[in-house]
Amino acid sequence: MPRKSKPAAPGSPVDIEAMIRVDHAGEYGAVRIYEGQLAVLKRRKSACVETIQHMADQEQRHLKTFDKLVNERRVRPTALEPVWRIAGFALGAATAAMGEKAAFACTAAVEEVIDEHYASQVAALKDKDEGLKATVEDFRADEVAHRDEALKQGAEQAPGYKLLSETIKAGCRIAIKLSERI
């Protein structure tokens, strides 16, 4: 009977690869969420398009950075990319179709989970990979700013905010766990 391999120690190359894989997947998902929101909100000539476009531009910068890290470090991207392509766009479009406040509720929920996720990565990295740690800290600041802006724009006033927010957060946490491994 084959022996199961031990899980890698925190900070090992396998763990760092998983961090890069999941962060790459997450930034891709974020780009797709904003694309879905913008597809709906631009058509409606919504007043919040400029704000959401600014967030989308930052997420695109994050994705380009993780694209580069995936290539430079030869990290296998998640095999779930086709799922995140559809799910991200659908989530963005659906929440935007519910209205601006629901779109911002989506942003607030996603960014809250990403803030927690990036904080745990920073703690795990400590002094193990200063470059990756600095990148994660930089992007975490953007994600916190997105969450704060979404709350300022009335995210909590969205119909069914609590249910919507908790559902999106649960989905994000599941996506993180899956993308770390698959």
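Any value given below was found using the heavy atoms of this structure, including those in side chains, with hydrogens, waters and symmetry copies removed. Starting from 1, each residue takes its place in the sequence as its number.
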Working to the nearest 0.5 Å, report the span between [atom1] of [X] and [atom2] of [Y].
| X | Y | atom1 | atom2 | answer |
| --- | --- | --- | --- | --- |
| Y28 | Q60 | OH | CD | 10.0 Å |
| T78 | E81 | OG1 | CD | 8.5 Å |
| D142 | I114 | CG | CD1 | 13.0 Å |
| E17 | R76 | CD | CZ | 9.0 Å |
| L151 | E112 | CG | CD | 8.0 Å |

Same cluster for [X] and [Y] if Ile/Leu/Val/Met/Phe/Trp/Tyr side chains link at under 4.5 Å?
| X | Y | result |
| --- | --- | --- |
| V110 | L63 | no |
| I33 | V83 | no |
| W84 | L91 | no |
| I174 | I182 | yes |
| L80 | I20 | no |

Using only atom types and a distance under 3.5 Å, with no angle test, would you say the side chain of [X] pairs donor to acceptor with the backbone of [Y]?
| X | Y | value |
| --- | --- | --- |
| R61 | D57 | no |
| N71 | D67 | yes |
| K101 | E156 | no |
| S165 | K162 | no |

Problem set entry | Criterion side chain to side chain contact (heavy atoms under 4.5 Å, CB included) on Q53 and L38, from CA distance to verdict | CA-CA 7 Å; Q53 184 64 62; L38 289 167; 3.3 Å; yes

Exercise. Out of V136, I176, T135, which residue meets the side chain to side chain contact (heavy atoms under 4.5 Å, CB included) rule with D23?
Worked result: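 Only match with D23 under side chain to side chain contact (heavy atoms under 4.5 Å, CB included): V136.
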
Exercise. Which of these passes side chain to side chain contact (heavy atoms under 4.5 Å, CB included) with M19: L69, V75, L125, D129?
Worked result: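 It is L125; the other options fail the test.
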
Using every non-hydrogen atom in the two residues, find where [X] and [Y] come nearest and quote the distance to one decimal.
| X | Y | value |
| --- | --- | --- |
| F66 | E27 | CD1-CG, 3.9 Å |
| C48 | E100 | SG-CG, 3.6 Å |
| A108 | A155 | CB-CB, 4.1 Å |
| Q37 | C106 | NE2-CB, 3.9 Å |
| M55 | H146 | CG-CD2, 3.6 Å |
| V40 | A93 | CG2-O, 3.6 Å |

Exercise. What's the verdict on side chain to side chain contact (heavy atoms under 4.5 Å, CB included) for L164 and M98, showing C-alpha distance, side-chain angles and the deciding distance?
Worked result: CA-CA 11 Å; L164 180 62; M98 294 168 61; 4.2 Å; yes

Exercise. Would L41 and I52 count as a side chain to side chain contact (heavy atoms under 4.5 Å, CB included) if you check the C-alpha gap in whole Å, the side-chain angles of each, and the deciding distance to 0.1 Å?
Worked result: CA-CA 9 Å; L41 296 170; I52 291 178; 3.4 Å; yes

For this session: May I have the step-by-step check of salt bridge (Lys or Arg N to Asp or Glu O under 4.0 Å) for E116 and R173, ending in yes or no?
Result: CA-CA 10 Å; E116 294 166 2; R173 289 182 182 113; 3.1 Å; yes

Problem set entry | Stepwise side chain to side chain contact (heavy atoms under 4.5 Å, CB included) test for T107 and Y34 | CA-CA 9 Å; T107 296; Y34 285 122; 3.3 Å; yes

Exercise. Taking the inter-plane angle between the rings of F139 and H62 on a 0 to 90° scale, is it parallel (under 30°), tilted (30 to 60°) or perpendicular (over 60°)?
Worked result: parallel

Exercise. Quick one: do E137 and R140 make a salt bridge, cutoff under 4.0 Å?
Worked result: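 Salt bridge absent between E137 and R140.
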
Exercise. Do E143 and Y118 pass the side-chain hydrogen bond (donor to acceptor under 3.5 Å, both in side chains) test, and can you show the C-alpha distance, the side-chain angles, and the key distance before you say yes or no?
Worked result: CA-CA 9 Å; E143 310 302 4; Y118 277 165; 4.6 Å; no

Problem set entry | Test salt bridge (Lys or Arg N to Asp or Glu O under 4.0 Å) applied to K169 and E166, step by step | CA-CA 5 Å; K169 287 180 199 177; E166 292 304 318; 3.4 Å; yes

Exercise. Is the closest side-chain heavy-atom distance between V22 and H117 below 4.5 Å?
Worked result: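 Side chain of V22 against side chain of H117, heavy atoms only: contact under 4.5 Å found.
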
For this session: Flag the pair H24 / R21 as yes when at least one side-chain heavy-atom distance between them is below 4.5 Å, and no otherwise.
Result: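 Not in contact.
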
For this session: Determine whether the side chains of E50 and H54 contain a donor N or O and an acceptor N or O closer than 3.5 Å.
Result: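 No.
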
